[in-house]
Each structure stands twice: as C-alpha cells, then as structure tokens.
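Below, chain A is the first sequence line, B the second, and so on; all start at residue 1. Hydrogens, waters and symmetry mates play no part in the numbers below; they use all other heavy atoms, side chains included.
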Amino acid sequence: MAKSPAGKKPPSARLPVADRPPAAPARLKDVADHAGVHISTASRALDPLKERRISPDVAEKVKASARALGYQGNVIAASLRRRRSHTVGVVVPDLTNPMFPPMFRGIEDRLQQIGYSALLTNSDFNLEREWQLLDMFIKRQVDGLILATARLDDPIVRAALERGMEIVLMNRSTAGTAVPAILADEPAGIREAFDHLHDLGHRRIAHIAGPQDVSTGRTRREAFAAVAASHGLEAGPRNVVIAGQFSEEAGRRAALHLLESGFAPTGIVAANDALALGVYDALDELNLACPGDVSVTGFNDMPFVDKLKPALTSVRIPQYRMGYEAADELVARLDDPARPVARRILPPKLIIRDSTGPVRQSA
DNA sequence: ATTCTCCGGTCATCAAACCC
DNA sequence: GGGTTTGATGACCGGAGAAT
C-alpha cells in the first residue's frame, strides 16, 4: 500500500479559513497567531504536562492570548488525535433509587480532577436496554465503564471485556471472571444487623432476600445463613424468602408470604432498604406494629430512610466513597491497563434507628 | 466505487536559534 | 560544546462529503 505522493492541493471547496465568520470560536492557530508564536509552541504552552518545556515568558504570552480570544480548546479534536474521549459511561439499574445520586457525586468528583466527565444512564433492570447502552458507549468511544448493574453471570460485562474496554464494577460483582470492583463488606453488614436483633432478644429472625442472580442478593442471603448458624438459629425455606427484585413491591409480597406462613418472625433482616419499605407495607396491611410486633432492618441506608415512620435501622454503606473509589480505580486502570485486577471492600456500619426494638415478652 | 480533503489539535522528530 | 527553547513538518485520529 504505497502512499500517494504529496503535492498539489486543489483549492478547498469548503469555507476558506480567511472567511470564517467573525463569531467562530478561536482555534489554537488563532491563539498562536495572536501571541506571535508557532502553533506547536502554543500547543505546548497550553498543555500542563508540557508547559515546563516552554520559557515562562512565552507560556504567559500564549495564555494571555488565549484569554484575550476566549479560547476554550477543542476537546473533540484532541480526543480524535489522542484516541481518548475523556468520557466515562456509568450505568445504574434504577435512577429513582436514592442510593445512586451520592455514588454518582463521588464518581464525578474523582473524574473532574483529571478533566474527565461521566455519562450517567439507567438500565431499568432491563438486559436489552443494557445492550443498547453498551452499543451507545462504544459508539461514543468512552474510555471506560462503571457498572452498578452486574449480574453474577453477566453477558454485558463479558462483551465489554472482550472488546477490551476498561470496566469497574460498583456495588455488585460477577462470579468467575476477575473484574475490578468496589464493594461493601456485605457479610459484615448482615452480621451487624442480625447481631443487633439477637442482642434485643429476637430469636425468630427472618430474611427477605434479594434476587439471587446478583451478588448483593446472593452474598447477603449466604451471610444471613452463616450468621444464623453461628447463633444456632435456623435459615431455611421457612424464614428465608427470596424477592424477585430489589423493589418495594417485591418486598411487600415476600413479607406477606413470610408473615402469613407459620414462622411468625419477630425480626426481619431485609436485603436492602427498598425491600424493607415493602415489609413496612405488609406490616401495615396485617395491622402489625413496627417495632412493637416485628423489628425490621434494611441495607444501604439510602437517603431519606431516616425520615420514615418509624425511621429505618439500616446498614450504611459509604455510597459517595464507593463512587469515588470506582472512578479512582478506573482512572488508575486507564493509566495502567496491565495493573492487577483489584477489589476494594468498604466497611459498612449499622445505623440504629426506630424500626428495631426489644422482642415483646409475650412473643 | 474509490480516493481525497477537511475539520482542530497532538505527537514525534529534526533543525535552528539562543544562552551559559 | 552542550543544553534548552522554539519553529517547522508531516502523519494521524474518524467520518462526512466532495472529487475523481
């Protein structure tokens, strides 16, 4: 494939540079001309990483010209050459879940430090939608992905990895494949919630588990079983009910099923706050008091659960920090793709409020 | 149908100018 | 002589649209 010889340049059919409209945004060339330096020099002077190689006088002159012309730079053009879009795609399963805004703030704050921005999207728990989003992110040439949607076996994650995309999982992990992830120490969180109920005298403790095809649902259920066993208590079909989704409605149905069975729990460990809300609904319907008849704990401590009646006792996970660390890990991987796959585990903390109380003596 | 040009900026590289 | 700064050049990125 020989290159055609360079040579004649036919007159451009497009708008000649000299005829650019006066309002057209300043280009680097304009800044260079204004400062009386070469475009290469202007480029170096405005690049923080290369500024050292330019004399202070010249650098200041170029910067002054950039200010005078209102030069903003052209990120698209730079991305084209550098093959970096300086953009990161973020997918969360449910934007209406108040847990995610703090996470996104953390992501934004970390990315902003290196001049990156994030595209936030919502999958609505829908696999087809996730394929569309992956497609869109590929077309937009994002430099990496932060996913809060991972399933234990996730075709999206596999497809993205096969394309060589940099991914960091947030809040959820996959089984098998090693993928960088930022997670809460869920077993520790479940143990705190269980022990709290146990300390209050509860012995008939049940678990509303989340979907078992995602790590948060599976891990928390397994942790519940382990803690129950360590106390010599049961964790079987009678007191562990699996909700199909992490939603209030799924929690309500699971709780009704549980409360109308023979187990008659005095304490319920819900696998997340949305499920705990559903437990509240079920208790209302059955005219049971919380915490008088049944104590309830949630997980995630999402914003506003302290405003519920009764205020929800919940396992707090550091949401902002989780987002911040996810972005931080992604940034590190963009710098060094050969970096070993890391999992960062963040400590949870039980926040005790009004939804848990001593077991009723007659119970 | 294929090739070329263009957009704006970056990069690598070499050459020239300058200073100590 | 040797190091630093600046200029010059051409390739390049991806896709649209013009030219051939």
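Listed by chain and number, the hydrophobic cluster partners of A:V157 are A:V91, A:L119, A:L127, A:W131, A:L133, A:L134, A:M136, A:F137, A:I138, A:V142, A:L145, A:L147, A:I156, A:L161, A:M165, A:I167, A:L169, A:V179, where partners are ILVMFWY side chains within reach of under 4.5 Å, directly or through others.
Nearest nucleotide to the side chain of A:V37, out of B:dG9, C:dG7, C:dG14: C:dG7. Considering only the side chain of A:V58, C:dT6 comes nearest among C:dT6, B:dC11, B:dG8. Comparing B:dG9, C:dT9, C:dT6 against the side chain of A:H38 picks out C:dT9 as the nearest.
Within residues 69-79 of chain A, no residue has any heavy atom under 4.0 Å from DNA chain C.
Residue pairs meeting the ring pair (Phe, Tyr, Trp, His ring centres under 6.0 Å) criterion with at least one member in residues 232-279 of chain A, sequence neighbours excluded, do not occur.
Remark: side-chain polar atoms of A:Q212 are paired, donor with acceptor, to backbone N or O of A:G217 under 3.5 angstrom.
Note on the helix from B:dA1-C:dT20 to B:dC20-C:dG1: terminal axis deviation equals 50°, with five pairs used at each end and the result rounded to 10°.
Between A:F194 and A:H231, the ring planes lie parallel to each other; the angle is under 30°, not in the 30° to 60° tilted range.
Atom CD1 in A:I54 sits about 14 Å away from atom C1' in B:dT10, given to the nearest Å.
Side chains of A:I317 and A:M322 form a contact here, defined as non-hydrogen atoms less than 4.5 Å apart.
Between the side chains of A:T356 and A:H196, a donor-acceptor pair is found at a separation under 3.5 Å.
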Which donor-acceptor pairs under 3.5 Å do the side chains of residues 67-75 of chain A make with protein atoms, sequence neighbours left out?
{"unit_1": "A:R67", "atom_1": "NH2", "unit_2": "A:E60", "atom_2": "OE2", "d": "3.0"}
{"unit_1": "A:N74", "atom_1": "OD1", "unit_2": "A:I76", "atom_2": "N", "d": "3.0"}
{"unit_1": "A:N74", "atom_1": "OD1", "unit_2": "A:A77", "atom_2": "N", "d": "2.9"}

Atom pairs, N/O to N/O, protein against nucleotides 12-20 of chain B, distance under 3.5 Å?
{"unit_1": "B:dT13", "atom_1": "O4", "unit_2": "A:R44", "atom_2": "NH2", "d": "3.2"}

